[in-house]
Amino acid sequence: FDGKIVPALAEKYDVSEDGKVISFTLKEGATFHTGEPVTAEGVKLSFERFLESSPTSYMLGPVETIEATDERTVTFTFSEPFAPFLSNATVAYLAPLDPTVIEEHGEDFGLHASSTGILKLSEISRGSSITYESFDDFNLGPAYAENKGAANFDEVVFRFIPDDDTRLLEFKSGNSQVMLSVPPNYISQLESDPNIEIARSLANGHVYLGFNNKKEKFQDIRVRKALALAIDRTPIVDFALEGAAQPIFGPLPPTIPGYNQEVEDYAAEMYAQDKEEAKKLLAEAGYDEANPLTVDLWVTQEPVMQRIAQIIQNQLKEVGVVMNISVQEDATIRAQSPEGVHEMLLWTYGWYDADILHSMFGRGLSTRVHYENDELISILEEARVTMDQEQRMELYKEAQMMLVEESPWVPLFVRENVVAYRDLEGFKLHPITGSIIWSDIQLK
C-alpha cells in the first residue's frame, strides 16, 4: 500500500492546475443494480443529495458547483483547493446512488438501495439480518482482485448476533462461514482450530488516552508529559488485547497516508515509559504524596476498553497519580465530551486521510481533547489546500512533530481488525478499510 488513489467506478480523474476543478471520467458500461446505466448526471444528483441531506456533507469541502459536462464526465468546482476530496471520494458514503430508485422511494431509499457494488440488496429483516445477492452485471472488480466480474457465490447473509458467545458458537458449529470483529479473548482458541483461518488488517486509526486540555490541570505541559511517560503500552497490547494490536506513539497509524516513521521513532524515544521522569515532572507541577494528582477517566462499556483502563490506572498509581474510572455509554461520551464535561477519556478515531488531524485539532473542531494551537491549525489548514502530495505530506510531518512535542493526548495502539472464516477460498481483507474483498471468495 502506497496511499495512491486508484480508479474504480471512474476510469480516471483530472485536477486543474489551480486545484479548484476536479473531473472524473466514468467507466463505460457500468450499471446500477436496477440495470440503469451509470451516467454523469446520476453521479451529480447523488452528490447533490449528499450535500443537501447528509450530516457529513463537510466531506465534500467548499464545492461550488457539480456539473455533468457530458454523458461520462462529472466535474466538481471548488471555491478553493480541497486536497482531502480525492481520499474522501473513495469511501462508501459517497458511492453514487441509483437516481431512479431515489425518485421512486425518496426517504425510503435505504430499504430499496441500489448502487453499483458487487453485492445487491435482496432482503432486510430488521434487527435480525440483511441478505445480499450477487450482482450478475458487475464488471468493476478492483485491480487487487483476480476476478473483475460478478461474485462467485449466490448470496451472503449478514446476521446480527449481539452476544459474543453465541456468535462464536454459531461460527464454530458451521452455521456461519465468517465471524467479524473477533474479540481478543477468542483469537487463540480459533487459531488452534485446523478448520478455521484468520485474516487480519490494521485499523485506520488508533486508540488514545485523551486529555481535556480546557481543564486547568492539563494546561500544564509537565502534567501531560508525565502521564504520557507513566504508560507502558506492552501490557496493554499483550494482556488486554491478546496481542491483537500494534503499540503506537505518534499521531497517525501506518494505514493513513501521512504516517511518518521518523515521527513515530521520535515519539517512541520521547515517551518510552520512564516512571522516575514522570514523578519528577509531577513534582515540578506541584503534585506529591500529600497532594496527588487526581483524574477521572471516561471509558466505554466494552470489556476490552475497561481492561485497558484498569492497566492504565495501575500504571499511573505507580507514579503517584490517582485515576478514577467512570464507565459511560458510547452515546453519553459522544454527546457530552464536546461540551468538555470530562477530564480524560479512552477513545478512538479512524479515517483514510491525514486530514483527520484537522478534524481533531482544527479551529472549533477539537471536541474530544479540546486542544487548540494557532500554529498547528495554520499548518493543518495549509495542508488542506496543498494539492501537491509531497508538499502536503511534509506539512503533516510538521504538524505531527508539534503534536508529539505538545502531548495533548497519548496515542496507545492501533487495533487489529481480526476476522475468522471457514470453508472459503480467496478470502482477503482490504488493507486500509478492513472490509471484505468479495471478488475472489468462493465456497470450498
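Numbers here are sequence positions counted from 1. Computed from a predicted model, the values in this text were never measured in an experiment.
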Checklist line | Electrostatic pair Asp18-Lys20, nearest N-O below 4.0 angstrom | finding: no

Check: Can we say Glu48 and Lys44 salt-bridge, meaning some charged N sits less than 4.0 Å from an Asp/Glu carboxylate O?
Finding: yes

Next item on the list: Give a yes/no verdict on a cation-pi contact between Arg167 and Phe160, requiring under 6.0 Å between NZ or CZ and the six-membered ring centre and an angle within 45° of the axis.
Entry: no

Check: Hey, are Arg363 and Asp374 close enough for a salt bridge, meaning a charged N less than 4.0 Å from a carboxylate O?
Finding: yes

Next item on the list: Flag the pair Asp353 and Arg384 as a salt bridge only when some basic side-chain nitrogen lies within less than 4.0 angstrom of an acidic carboxylate oxygen.
Entry: no

Margin query: Could you tell me if the side chain of Leu376 sits less than 4.5 Å from the side chain of Tyr371, heavy atoms only?
Written below: yes

Next item on the list: Could you tell me whether Glu277 and Lys225 have a side-chain N and a carboxylate O separated by less than 4.0 Å?
Entry: no

Next item on the list: May I ask you to say whether Glu302 pairs ionically with Arg415, meaning some side-chain N is under 4.0 Å from a carboxylate O?
Entry: yes

Check: Hey, do the aromatic rings of Phe249 and Tyr271 have their centres closer than 6.0 Å?
Finding: no

Item checked: Basic-acidic side-chain contact under 4.0 Å: Glu318, Lys275 -> yes

Notebook entry, point to check: Within a strict 4.5 Å, meaning less than it, do heavy atoms of the Trp438 and Leu119 side chains meet?
Noted result: yes

Check: Salt bridge check: are Glu191 and Arg200 linked by an N-O gap of less than 4.0 Å?
Finding: yes

Next item on the list: State whether Glu264 and Lys397 are salt-bridged, where the test is any N-O pair (Lys NZ or Arg NE/NH1/NH2 against Asp/Glu carboxylate O) under 4.0 Å.
Entry: no

Checklist line | Ion pair Glu382/Arg392, N-O distance below 4.0 Å | finding: no

Check: Would the His370 and Phe218 ring centres measure less than 6.0 Å apart?
Finding: no

